[in-house]
Peer 1: 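The following block contains the structure, expressed as structure tokens.
Order of appearance sets the numbers: ligands from 1, and atoms from 1 within every ligand.
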Amino acid sequence: MTDPVILAHGGAGAPNEDSDGPQHAADVAFRTLIDGQIDSALRAVVEAAVILENDERFNAGTGANCRLDGSIEMDAIVATSDGRIGSIAGIQRVRNPIRVARLVMDSPHVLLCGDGATQFAHHRGVPDDIPMTDRAAKRLATALERLKSGDVRPTEQKWRGRDMHGTIGAVARAHDGTFAVSCSTGGTSMMLPGRVGDSPIFGAGTMCGEHGAICATGDGEEIIRRLCSMRVYLRMAEGMHPQEACEIEVAAFPKPYTLGLIAVSHDAHGMAATDDKMARGMRD
Ligand code: ASP
């Protein structure tokens with residue numbers, strides 16, 4: 001038996017003052033984590049993600065960013081240390097993408113994308129709803145203004161700038177030593193329809209296995225290139241403390257891109273972010 005713990009984040013670059021959001025999510029989900037029922041780590045990380053998806057300060061579910069055409073496409077994943085994975089990319093018209101990812105976990109597939117993911121969700125009874133907010137509309141207006149003014153151009157790498165993203169996620173360890181991870185995002189604030197970030201890609205934005213669970217946030221394209229979560233996991237598998245494993249990855253992340261990480265192992269946990277900017281919470 002090990003001590004249960006849950007960590008949650010509200011995205012790299014999300015102001016640390018917003019940490020009450022992930023802290024609340026961790027506190028509520030902790031009750032589930034210790035309920036002694038089956039799959040408590042999995043149920044806890046889904047619960048934490050739903051709470052954060054419903055908090056419009058964060059870029060996931062309600063509060064998700066728009067694409068440049070005004071649509072909202074979201075990515076989410078949930079995974080467990082016994083090898084179950086449910087993932088969706090580019091889903092539209094749902095308020096809680098993480099619930100759809102959880103349904104995919106029980107399907108014959110690992111990852112559904114685009115219209116197929118949306119149809120699957122509605123077919124499985126998830127309400128048809130567009131999670132649009134004034135905040136997302138304002139962010140889109142700013143992004144379009146920046147494009148129009150020539151401040152950024154579509155062909156430039158710096159399209160993916162520092163102030164443009166956000167994501168939510170949670171990692172947990174249950175009494176029985178099992179782990180789970182959840183992650184959900186509206187992507188960046190300047191992106192083409194069809195763009196998929198790191199979040200729903202196992203090994204890139206998330207990782208979960210017998211040695212622990214990791215959730216990343218930040219510039220998705222760079223996180224995919226570096227498979228950040230997998231790298232942290234491999235260090236933990238060699239016995240490194242999760243705090244050190246996260247700090248090494250953040251320090252090695254190319255500038256000016258940003259990275260945030262939360263991680264839990266059998267007997268420790270860690271959190272690190274570029275410039276230490278990431279709304280976060282923890283409960284044990
Ligand atoms: N990683 C997310 C993405 O690129 C955004 C973020 O975490 O800030 O879609």
Peer 1: Number the atoms of ligand 1 from 1 as they appear, then name those within less than 4.0 Å of a heavy atom of Thr217, with their elements.
Peer 2: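 Result: 6 (C), 7 (O), 8 (O).
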Peer 1: Would you say ligand 1 has an N or O under 3.5 Å from any N or O of Gly197?
Peer 2: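 No, since none of the N or O atoms of Gly197 sits under 3.5 Å from an N or O of ligand 1.
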Peer 1: Determine, using heavy atoms of Gly187 and all atoms of ligand 1, whether some pair is separated by less than 4.0 Å.
Peer 2: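 Gly187: in contact with ligand 1 (<4.0 Å).
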Peer 1: Could you work out, with ring-ring contact (aromatic ring centres under 6.0 Å, His included) as the rule, every residue matching Phe253, not counting sequence neighbours?
Peer 2: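 Not a single residue meets the ring-ring contact (aromatic ring centres under 6.0 Å, His included) criterion with Phe253.
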Peer 1: Salt bridge or not for Arg225 and Asp198, using N-O below 4.0 Å?
Peer 2: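 So Arg225 does not pair with Asp198 through a salt bridge.
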Peer 1: Are any of the heavy atoms in Met191 under 4.0 Å away from ligand 1?
Peer 2: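 The answer is no: ligand 1 sits nowhere under 4.0 Å from a heavy atom of Met191.
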Peer 1: Check whether any N or O atom of Glu221, backbone or side chain, sits under 3.5 Å from an N or O atom of ligand 1, and answer yes or no.
Peer 2: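 Not met; the criterion fails.
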Peer 1: How far apart are the C-alpha atoms of Ser40 and Asp35, what are their side-chain angles, what is the distance that settles it, and do they pass the side chain to side chain donor-acceptor pair (under 3.5 Å) test?
Peer 2: CA-CA 7 Å; Ser40 62; Asp35 70 5; 4.9 Å; no
Peer 1: Indicate yes or no: does Arg99 engage Glu53 in a salt bridge with an N to O separation below 4.0 Å.
Peer 2: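 So Arg99 does not pair with Glu53 through a salt bridge.
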Peer 1: Going by heavy-atom distance to atom 1 (N) of ligand 1, choose the closest among Leu259, Thr167, Asp198, Asp75.
Peer 2: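 Among Leu259, Thr167, Asp198, Asp75, the closest heavy atom to atom 1 (N) of ligand 1 comes from Asp198.
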Peer 1: Are any of the N/O atoms on Ala12, whether in the backbone or the side chain, positioned under 3.5 angstrom from an N/O atom of ligand 1?
Peer 2: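 Among all N and O atoms of Ala12, none is under 3.5 Å from an N or O of ligand 1.
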Peer 1: Quick one: look at Glu222 and ligand 1, take heavy-atom pairs under 4.0 Å, and tell me if it's side chain, backbone, both or neither.
Peer 2: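 Within the 4.0 Å criterion, Glu222 makes no contact with ligand 1.
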Peer 1: Go through the structure and list residues passing side chain to side chain donor-acceptor pair (under 3.5 Å) with Thr118, not counting sequence neighbours.
Peer 2: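 By the side chain to side chain donor-acceptor pair (under 3.5 Å) rule, Thr118 matches no residue at all.
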Peer 1: Quick test of your reading of the model: are Asp69 and Arg67 salt-bridged, counting only N-O distances below 4.0 Å?
Peer 2: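 Here Asp69 does not pair with Arg67 in a salt bridge, since their nearest N and O are not under 4.0 Å apart.
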Peer 1: With the threshold set at under 4.0 angstrom, would you say Gly205 reaches ligand 1 through any of its heavy atoms?
Peer 2: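 So Gly205 does not count as touching ligand 1.
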Peer 1: Quick one: do Glu249 and Arg235 make a salt bridge, cutoff under 4.0 Å?
Peer 2: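 Yes, Glu249 and Arg235 are salt-bridged.
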